Amino acid sequence: LSPPLPKPPVDARPRRLSVTQVETWMRDPYALYARHILGLSPLDPLNPQVEASDRGTLIHNALDQFFKLCTDPLQKDALDILLFIGKNLFEAYEHEPSVRLFWWPRFQNLAQWFIQNERETRLPGTVTHTEIKGKLTLTTAKGAFECTAKADRIDILPDGSLRLIDYKTGLAPSDQDVQLGFSPQLPLEGAIALQKGFEGITSTHIESLQFWILKGDAKGGVIKTLPGDPHELSLKALEGLEKMVRLFENETTPYPARPLPEKGLK
């Protein structure tokens, strides 16, 4: 049998996707079809275990709470505040040996690196927004298509420019995958910023698009800035999204399963 190639009617196809779901759309259209058109979702496991995604959620929550409690990470007790927040969040996993033995020490490494990095690089007057919602709207012959996002972090620098930061607790996408559109999340957030689509942010000048790789190993963390002009990267991502929207507005366009297996979702 050939791989499935469903072609649902146009009016059943989604007209609102998050930047994360757009990446699924690029890498595995059938997965998007199963979730958004068939309404399928994975069942909860019979024996749930703590996974890497749980660690990622913990770290994202800790850094979000930190900036809500400590608007100036240069203050003297910033590290103590971050460690206190982390300890409270990790308490829910105290019964898990892997959390006590591996995750918590890594979080301590990460916290020390994070605060030290802020002290060495943060410019006075920088304002940080975390978990900030945004959206942009495309209009085609079939009507409006909405792309949404929740940015991990946006720094408004003293000159008014924006630094968009995506926290990664695993591997960051390769520059090639970003350029080819297989990892469009961060550039699409840039496109939303260019359209003033983030709540309370009016600047449209992007200083950089950055991945902060937060593994908590001996290095603590690593900052990876996407090469190239961030405006051009953002506009290219927006152009790619519009092409996808128009392509899938055609009822003859199927939702193939992992058309490029090497680029499929892991």
Side-chain angles (χ1 to χ4, degrees), residues 4-41 129-154 156 161-166 173 177-206 209 226 228-260 263-265:
L5 293 170
K7 299 175 184 177
V10 172
D11 59 4
R13 302 184 180 206
R15 301 296 296 178
R16 186 177 191 270
L17 294 173
S18 69
V19 292
T20 306
Q21 292 161 347
V22 171
E23 177 164 350
T24 303
W25 200 8
M26 285 293 300
R27 292 177 179 268
D28 189 359
Y30 188 86
L32 193 79
Y33 164 79
R35 172 62 63 93
H36 290 274
I37 298 173
L38 298 183
L40 302 177
S41 59
H129 297 265
T130 60
E131 299 296 322
I132 179 170
K133 294 180 180 180
K135 65 181 180 180
L136 63 80
T137 302
L138 298 172
T139 302
T140 69
K142 300 294 184 180
F145 180 94
E146 192 171 88
C147 179
T148 65
K150 184 186 285 187
D152 289 342
R153 173 174 169 180
I154 299 178
I156 304 178
S161 61
L162 306 178
R163 178 178 296 155
L164 277 69
I165 298 169
D166 188 7
D177 279 356
V178 174
Q179 290 283 351
L180 294 176
F182 290 106
S183 298
Q185 295 183 36
L186 192 52
L188 280 177
E189 289 180 10
I192 293 173
L194 292 180
Q195 294 194 7
K196 300 182 180 181
F198 283 107
E199 298 172 355
I201 296 180
T202 58
S203 173
T204 58
H205 179 68
I206 303 174
L209 302 172
L226 286 179
D229 182 276
H231 285 248
E232 291 182 6
L233 285 172
S234 301
L235 291 174
K236 184 179 178 181
L238 180 60
E239 180 183 346
L241 173 61
E242 187 167 0
K243 287 180 179 178
M244 284 288 285
V245 171
R246 294 184 184 279
L247 175 65
F248 279 82
E249 285 179 345
N250 187 334
E251 199 164 292
T252 63
T253 301
Y255 284 78
R258 300 180 67 181
L260 297 173
K263 298 297 184 184
L265 297 172

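None of the values given here were measured: they were computed from a predicted structure. What's counted below: heavy atoms across the whole structure, side chains too, no hydrogens, waters or symmetry copies.
We find the CG-OG1 distance between L188 and T148 to be 10.5 Å, quoted to the nearest 0.5 Å. Within the model, atoms CG of N250 and NZ of K7 stand 9.5 Å from one another, a figure rounded to the nearest 0.5 Å. To the nearest 0.5 Å, atoms CD1 (I206) and CG (L194) are separated by 4.0 Å. Atom CZ of residue R153 and atom OG1 of residue T130 lie 9.0 Å apart, to the nearest 0.5 angstrom. I156 CD1 to R163 CZ: the interatomic distance, rounded to the nearest 0.5 Å, is 12.5 Å. With rounding to the nearest 0.5 angstrom, the CG atom of L17 is 9.0 Å from the CE atom of M244.
When atom types are taken as modelled, the side chain of R13 and the backbone of E249 share no donor-acceptor pair closer than 3.5 angstrom. Side chain of K196 to backbone of T204: no donor-acceptor contact under 3.5 angstrom is found. Side-chain N or O atoms of T140 include none that pairs as donor or acceptor with a backbone N or O of R246 at under 3.5 Å. Listed for the R15 side chain is a donor-acceptor partner under 3.5 Å among the backbone atoms of G143.
Scanning both residues, P184 and V22, for their nearest heavy atoms gives CG-CG1, 4.0 Å. Annotation for P14 and F145: closest pair O-CE1, 3.6 Å, computed over non-hydrogen atoms. Heavy-atom minimum distance, P254 versus F248: O-CE2, 3.3 Å. Of all the heavy atoms in L162 and S203, the pair that sits closest is CD1-O, 3.4 Å.
Applying the side chain to side chain contact (heavy atoms under 4.5 Å, CB included) test between D166 and each of V19, L209, L226, L186 identifies L186 as the sole match.
A heavy-atom distance below 4.5 Å is found between the side chains of Y33 and P8. The shortest distance between side-chain heavy atoms of L238 and Q195 falls below 4.5 Å. The shortest side-chain heavy-atom distance between L138 and C147 does not fall under the 4.5 Å cut-off.
Ring geometry for H205 versus H231: interplanar angle of 30 to 60°, hence tilted.
Within the structure, every pair that satisfies the side chain to side chain donor-acceptor pair (under 3.5 Å) test and touches residues 182-191, not counting sequence neighbours, is listed here: E23-Q185, R27-S183.
The pair K243-E239 meets the salt-bridge criterion, with a side-chain N (NZ, NE, NH1 or NH2) lying under 4.0 Å from an Asp/Glu carboxylate O.
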List the steps, then state whether side chain to side chain contact (heavy atoms under 4.5 Å, CB included) holds for Q21 with R35.
CA-CA 10 Å; Q21 292 161 347; R35 172 62 63 93; 5.9 Å; no
